[in-house]
Amino acid sequence: MDKAKEKRAHGALKRISGPVVTAVGLDAHMYDVVKVGNEELMGEVIKIQGEDIIIQVYEDTAGIRPGEPVENTGLSLAVELGPGLLTSIYDGIQRPLEVLVDRMGNFIERGVSAPGLSHEKKWEFVPAMKVGDDVKAGDILGTVQETNIVHKVMVPPRSKGGKIKEISGGSFTVDETICVLEDGTEIVMLQRWPVRVPRPVKAKLNPDIPLITGQRILDGLFPIAKGGTAAIPGPFGSGKTVTQQQLAKWSDAEIVVYIGCGERGNEMTEVLTEFPELEDPKTGKPLMERTVLIANTSNMPVAAREASVYTGITIAEYFRDMGYDVSLMADSTSRWAEAMREISSRLEEMPGEEGYPAYLAARLSEFYERAGRVIALNGMGGSVSVIGAVSPPGGDFSEPVTQNTLRIVKVFWALDAKLSQRRHFPAINWLNSYSLYLDSLNEWYDKEVSPEWNPLRAWAMGVLQKEAELQEIVQLVGSDALPDEEQITIEVARMIREIFLQQNAYDAVDTFCPMSKQYDMMNAIKHYADLARTAQTGGATPQQVIGITSKNELPQIKFIKDYEPALEKIMKDMEAEFDAMRAV
Amino acid sequence: MKEYRTVAQIAGPLVFVEKTEPVGYSELVNIVTADGTVKRGQVLDTSDEIVVVQVFETTAGIGRDSGIRFTGETIKMPVGKDMLGRILSGGGKPIDGGPDIVPEKRLEITGAAINPYARAPPEDFIQTGISTIDGTNTLVRGQKLPIFSGSGLPHNDVALQIARQAKVPGSTEEFAVVFAAMGITREEANYFMADFEKTGALERSVVFLNLADDPAVERTITPRLALTTAEYLAFDLGYHVLVILTDMTNYCEALRQIGAAREEVPGRRGYPGYMYTDLASIYERAGIIKGVKGSVTQIPILTMPGDDITHPIPDLTGYITEGQIVVNRELHRKGIYPPINVLPSLSRLMNLGIGEGHTREDHKKVSDQLYAAYAEGNDLRGLVAIVGKDALSERDRMFLEFADLFEDRFVRQGLYEDRSIEETLELGWDLLATLPEEQLVRIDRELIHKYHPKYRKKAQG
Ligand SMILES: Nc1ncnc2c1ncn2[C@@H]1O[C@H](COP(=O)(O)OP(=O)(O)OP(=O)(O)O)[C@@H](O)[C@H]1O
Ligand SMILES: [Mg+2]
């Protein structure tokens with residue numbers, strides 16, 4: 001028996017103040033998991049001050065008294081990794097919510113611990129290695145068909161590796177040995193990994209492949225790369241959650257980790273009911289099969305909310321290590337920051353800006369740093385893309401969470417209440433948003449979409465920028481006072497906004513727009529713009545050019561799945577109308 | 001029960017007690033003053049040195065000579081079938097002269113969180129008979145949809161009209177109403193009570209009254225008592241419950257007061273940093289549970305200080321609730337009732353409760369189009385003020401007129417006018433028909449051909 005552990009693993013509570021409690025008489029290290037009180041509530045050491053061990057508790061502390069026992073488990077807060085993660089819904093500390101319903105009914109009571117994975121369920125393990133093979137940390141020993149996704153069973157990252165002495169296929173629980181190394185090390189499918197520590201990789205690569213989302217304004221104007229980071233700040237009701245859910249549904253990631261961090265219960269229910277019914281556009285399989293949900297809603301304990309983002313990103317890294325492209329949505333990182341603030345204020349720490357702890361910026365950047373395109377220990381390429389929602393008070397982007405986030409992330413999708421109020425969705429402001437990946441993704445768009453795509457995007461951005469300048473003039477003198485040419489620019493910009501940028505997440509077809517269709521749509525608008533310009537220089541009035549009726553059919557293209565014939569007809573009709581104009 | 005006379009300090013609503021035996025966090029405390037009055041409080045912080053108690057009533061009369069009794073349990077609320085029809089104080093004591101509630105259960109008032117896995121998606125359309133709600137900001141059973149208002153605006157009328165008219169088409173069940181008043185005036189409370197009585201709603205209501213002259217700290221438990229009752233009625237007895245909480249602004253002021261008394265580091269504009277979490281523990285107590293019959297629908301009312309929607313109270317509320325109905329001073333000045341400004345209003349659960357099988361297939365797109373057209377017209381009003389109507393294009397003029405028509409016909413309706421959803425949608429189409437068809441870009445051709453008055457007349461004629 002370890003003598004140090006034996007010495008003082010048990011102490012007693014001295015003070016209880018909401019989710020933060022103080023214990024004395026026990027030895028502990030930072031981030032050790034402890035059991036608090038008679039009911040053995042789960043907690044984590046977050047501060048050590050002389051004899052005082054300060055603990056954040058992941059469950060409600062009502063009724064707990066000074067003097068109740070505290071036990072140090074000596075382990076740090078970790079998640080269970082292995083087959084069974086996919087399709088699960090967890091709370092912030094990886095307790096499966098489904099199991100909690102079975103154990104304590106419809107409401108979340110306390111004092112129940114439940115492991116993240118089933119330890120009874122058997123999985124069919126198919127070895128990919130054989131006796132005598134040399135393996136090292138991260139290597140893939142074999143596979144399990146978890147859902148339609150193949151779960152790769154890896155040598156744990158901290159293992160020394162060695163020669164395989166025994167390995168065999170068959171039906172195993174996550175705790176049963178599937179492989180024995182020559183030095184006697186037994187390997188099971190289950191890995192435990194401390195959530196606050198990034199899983200190691202061999203190398204980080206530059207992201208140069210876009211995460212295609214099927215959302216026109218994102219893929220078209222402000223793309224995020226696979227392994228990239230994006231923030232989506234906006235006031236309440238501007239579309240953070242809908243956008244994140246759209247990404248969870250349609251982005252071409254292979255695995256999705258969705259963290260509902262301090263948000264609404266009903267939103268998680270929505271994902272739970274919707275995802276099993278929806279198909280991955282790429283594989284045709286139910287979306288739920290590639291998804292892991294973490295739901296620590298606003299009324300669940302704040303300390304567990306603080307932990308939820310770490311639980312999520314650790315699961316994401318685990319699938320990345322198998323060579324998958326993972327995307328992780330955190331809705332909302334502001335609630336996470338607020339949980340930090342609440343805990344910090346209970347600790348009576350010196351507050352920084354707006355009461356947030358001084359380490360807010362550091363925590364945010366450590367979190368986003370865990371994103372990336374990597375070469376895993378086993379040599380496979382994988383990625384974790386991180387998209388964080390930010391909920392600035394009063395919708396004011398100058399507040400600390402937004403500002404500190406923008407200093408780190410490479411893509412900024414700025415939601416705008418003015419747009420959402422007029423039901424322009426996604427309400428992403430095209431003038432304020434940006435993607436710093438554009439340059440590194442150009443080549444991909446050239447090759448995979450069309451060499452004309454990049455110029456086309458530049459053209460569209462130019463028109464939108466011009467429109468913004470013109471609008472300022474219009475606000476002073478009215479639109480009729482603009483020169484003919486500019487009146488047409490205004491019309492073209494309106495088309496870009498209404499046809500291309502606006503996209504209805506609730507329309508069965510428009511909810512997902514493949515890149516090829518995005519290109520065709522933008523191309524059609526450009527075609528109109530070119531025809532209009534020629535007509536106008538040839539003497540046509542703006543009224544004539546804008547009055548072209550066939551272009552009014554363009555918005556309908558969004559709602560048609562096999563849109564090509566309809567689009568072709570519109571293009572022909574437009575040309576015919578312009579031809580007729582010239583003939584007169 | 002042991003009584004301590006070891007009060008060390010009293011500051012605002014907080015009493016500090018020393019030299020106690022171990023006291024539980026959040027425990028209910030009875031404080032006996034010299035004249036024998038018993039006041040209630042709750043433990044906010046406990047240690048072997050000092051226990052901090054928050055008193056729910058005025059601390060007048062509490063002194064070093066007061067006796068402190070720790071009850072050993074957290075605050076519970078007795079609930080029973082006979083609560084319907086009763087009027088209780090903001091602290092949960094009957095004040096209608098009737099007998100005590102016969103408790104069938106004693107429930108924790110903080111209420112555990114519904115496990116998200118146990119929730120069922122809310123999708124039953126509630127027809128309120130108000131076009132700006134049903135048509136463009138649809139309420140569904142199990143939703144939390146607050147009314148954001150300003151002082152002096154008719155939010156009470158709107159809330160009462162909803163309570164009077166709310167029904168789920170096709171269902172004959174009436175809503176049970178739980179009404180919690182926090183810091184409103186006696187006059188306002190009477191206004192609600194009179195209406196409940198007149199319509200017979202009182203019999204299926206439970207009323208909690210914490211009025212303006214009642215202790216402010218009590219307000220922090222009133223909504224929790226109300227929601228505990230609502231959950232009991234819904235999830236134990238199977239009622240569909242409509243909870244009206246008014247005025248949440250007073251609730252938040254009480255929170256701020258307590259925070260200040262505890263000398264906490266204040267958050268934005270002096271409100272506690274944990275106000276989001278605190279409000280969530282109230283607003284999230286709405287919804288439907290899989291396999292359980294009843295539902296809790298919440299309509300909290302709040303007055304925005306200075307009509308400012310970015311003020312922390314409406315702001316944090318909006319971040320938690322599933323949308324908001326915004327009552328607007330300008331429309332009220334124009335003499336329009338209900339003065340609901342649809343632009344900043346929103347119902348996030350609308351999409352679940354509308355469309356085929358719920359309301360009508362064209363609902364979503366009609367709503368989107370009405371919004372877009374009204375927003376455009378409304379913007380142009382600003383422009384007209386600068387450049388005059390003549391500088392507008394013909395297209396702009398049409399949208400400008402549309403905005404006026406929309407307010408006059410769609411928004412405006414009678415206090416007792418109960419429009420069916422079909423009537424509301426028809427009205428929407430009539431208004432959209434004043435615009436050229438090609439401007440209706442939000443609606444697909446098929447629906448236009450089916451519902452646009454122009455084609456319908458043809459089909460009929
Ligand atoms: N792409 C979209 N298509 C159609 N409607 C949308 C879209 N995005 C947002 N909406 C509408 O806006 C509403 C609010 O969006 P959402 O819930 O995502 O806001 P939010 O920014 O997450 O707000 P909060 O911060 O309060 O959670 C949705 O309920 C929906 O009606
Ligand atoms: Mg949201």
Side-chain angles (χ1 to χ4, degrees), chain A residues 14-18 22 61-67 89 97-98 100-101 106-109 236-237 260 264-266 268-270 272-273 295 297-300 302 335 338 341-342 345 351 354-355 391 393-396 421-423 474-481 498 506 549 552 555-556 559, chain B residues 22-27 45-48 73-74 110 112-122 264-265 267-268 273-274 276-277 280-281 284 287 289 292 310 312 315 318-320 322-324 343-344 346 348-349 351 364 368 371-372 375-376 383 386-387 391-393 396 438 441 444-445:
Chain A
K14 174 177 154 191
R15 175 180 176 192
I16 299 103
S17 170
T22 307
T61 52
I64 311 287
R65 297 162 195 239
I89 175 165
L97 292 178
E98 191 176 354
L100 295 191
V101 171
N106 296 325
F107 293 84
I108 297 187
E109 308 292 347
F236 65 79
R264 304 173 184 83
N266 277 333
M268 299 315 291
T269 313
E270 201 179 317
L272 275 176
T273 36
T297 57
S298 55
N299 55 343
M300 285 158 75
V302 282
R335 305 303 165 217
E338 283 165 9
R341 176 170 69 185
E342 193 168 333
S345 88
E354 292 193 17
S391 316
D396 176 2
Q421 288 196 3
R422 63 185 53 207
R423 301 308 193 250
V474 170
Q475 288 304 316
L476 295 174
V477 296
S479 54
D480 275 6
E498 290 184 356
Y506 299 99
T549 55
N552 297 331
Q556 299 292 326
F559 310 121
Chain B
V23 169
Y25 175 70
S26 235
E27 210 171 270
D45 197 325
T46 173
S47 68
D48 38 21
E73 60 169 31
T74 48
T110 47
I114 301 177
N115 185 323
Y117 190 80
R119 283 181 182 265
E264 292 165 348
V265 183
R268 238 175 116 233
Y274 49 79
Y276 173 84
T277 304
S281 74
E284 270 292 314
I289 294 174
V292 176
T310 68
D315 190 52
Y319 270 123
I320 303 163
E322 285 143 351
Q324 66 279 340
L343 296 177
L346 168 71
R348 296 163 198 248
L349 300 185
N351 295 306
K364 167 79 178 138
D368 284 352
Y371 260 102
E376 186 153 0
L383 182 57
I386 303 169
V387 300
L392 294 190
S393 65
D396 289 353
E438 72 271 8
V441 295
D444 29 308
R445 252 330 97 72

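Reckoned from all heavy atoms, side chains included, excluding hydrogens, waters and symmetry mates. A note on names: the letters A, B, ... follow the listed sequences, proteins ahead of strands, and every chain is numbered from 1.
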When heavy-atom pairs shorter than 4.5 Å are enumerated against chain B, which of A:G18, A:S345, A:G260 gives the highest number?
A:G18

Please lay out, stage by stage, how B:R119 and A:N266 fare under the test side chain to side chain contact (heavy atoms under 4.5 Å, CB included).
CA-CA 7 Å; B:R119 283 181 182 265; A:N266 277 333; 3.5 Å; yes

Among B:V292, B:T110, B:I386, B:L383, which residue forms the greatest number of heavy-atom pairs with chain A at distances under 4.5 Å?
B:L383

Given that the side chain runs from C-beta out, which part of A:R264 has a heavy atom under 4.5 Å from chain B: side chain, backbone, both or neither?
both

At a 4.5 Å cut-off on heavy atoms, which part of A:P66 comes close to chain B: side chain, backbone, both, or neither?
both

Check each atom of A:A62 against the heavy atoms of chain B and say whether the ones under 4.5 Å are side chain, backbone, both or neither.
both

On a heavy-atom basis, which atom in A:G63 and which in B:T74 lie closest, and how many Å separate them?
N-CG2, 4.1 Å

In Å, rounded to the nearest 0.5 Å, how long is the span from CG of B:N115 to CE of A:M300?
6.5 Å

Would you name the heavy atoms of A:N552 and B:R445 that are closest together and state the gap between them?
O-NH2, 4.3 Å

Side chain from CB out, backbone as N, CA, C, O: work out which of these in B:Y274 comes under 4.5 Å of a heavy atom of chain A, or both, or neither.
both

Chain B heavy atoms under 4.5 Å from A:Q556: which part of the residue, side chain, backbone, both or neither?
side chain

Under 4.5 Å to a heavy atom of chain B? For A:V302 that would be side chain

Check the surroundings of atom OH in B:Y25: do more than 12 heavy atoms from other residues, nucleotides or ligands lie under 6.0 Å from it?
yes

For chain B, which of A:T297, A:L476, A:T22, A:V101 has the most heavy-atom pairs under 4.5 Å?
A:V101

B:Y319 six-ring centre to A:R335 NZ/CZ under 6.0 Å and within 45° of normal
yes

Please determine, among B:S393, B:P312, B:S281, the option with the most heavy-atom pairs under 4.5 Å with chain A.
B:S393

Counting only non-hydrogen atoms closer than 4.5 Å, does A:E98 touch chain B with its backbone (N, CA, C, O), its side chain (CB onward), both, or neither?
both

All heavy atoms of A:T269 vs all of B:A120, minimum pair found to be CG2-C, 3.9 Å

How far does OG1 of B:T46 sit from CZ of A:R65, to the nearest 0.5 angstrom?
9.0 Å

Note: B:P116 and A:M268 closest approach over all heavy atoms is CB-CB, 4.3 Å

Considering all heavy atoms, the nearest A:T273-B:P121 contact:
CG2-CG, 3.7 Å

Side chain from CB out, backbone as N, CA, C, O: work out which of these in A:S391 comes under 4.5 Å of a heavy atom of chain B, or both, or neither.
both

Scored by heavy-atom pairs under 4.5 Å with chain A, the best of B:D368, B:N351, B:V441, B:L349 is B:N351

Greatest number of non-hydrogen atom pairs under 4.5 angstrom with chain A, of B:A375, B:S26, B:A372, B:P344, falls to B:P344

Of the listed residues (A:G395, A:G355, A:A481, A:G237), which shares the most heavy-atom pairs with chain B below a 4.5 Å separation?
A:G237

Go through the steps to decide whether B:L346 and A:R423 satisfy the test side chain to side chain contact (heavy atoms under 4.5 Å, CB included), and finish with yes or no.
CA-CA 10 Å; B:L346 168 71; A:R423 301 308 193 250; 4.0 Å; yes

CD1 (B:I114) and CG (A:N299) are apart, to the nearest 0.5 Å, by 8.0 Å

Over all atoms of both residues, closest heavy-atom pair of A:R341 and B:G273
NH2-O, 3.3 Å

Which is it for B:L343 and A:R422 under the side chain to side chain contact (heavy atoms under 4.5 Å, CB included) test, yes or no, and what are the steps along the way?
CA-CA 6 Å; B:L343 296 177; A:R422 63 185 53 207; 5.5 Å; no

Under 4.5 Å from any heavy atom of chain B - which part of A:L272:
side chain

Hey, which of B:E264, B:Q324, B:E73, B:E376 has the most heavy atom pairs under 4.5 Å with chain A?
B:Q324

Check: B:E284 side chain, A:G265 main-chain N or O, donor-acceptor pair, under 3.5 Å:
yes

In Å, rounded to the nearest 0.5 Å, how long is the span from OH of B:Y371 to CD of A:Q421?
9.0 Å

Nearest-0.5 Å distance that lies between atom CG in A:N106 and atom CD1 in B:I289
4.5 Å

Side chain B:D315, main chain A:P393, donor-acceptor under 3.5 Å:
no

Okay, B:V23 and chain A: the region with an atom under 4.5 Å from a heavy atom over there is backbone

Go through the atoms of A:I108 and report whether side chain, backbone, both or neither lie under 4.5 Å from a heavy atom of chain B.
both

So for A:T61, is it side chain, backbone, both, or neither that comes closer than 4.5 Å to the heavy atoms of chain B?
both

Just how far is it from atom CZ of A:F559 to atom CG of B:D444, taken to the nearest 0.5 Å?
5.5 Å

Would B:R348 and A:F236 satisfy side chain to side chain contact (heavy atoms under 4.5 Å, CB included), going step by step from the backbone distance to the final call?
CA-CA 11 Å; B:R348 296 163 198 248; A:F236 65 79; 4.0 Å; yes

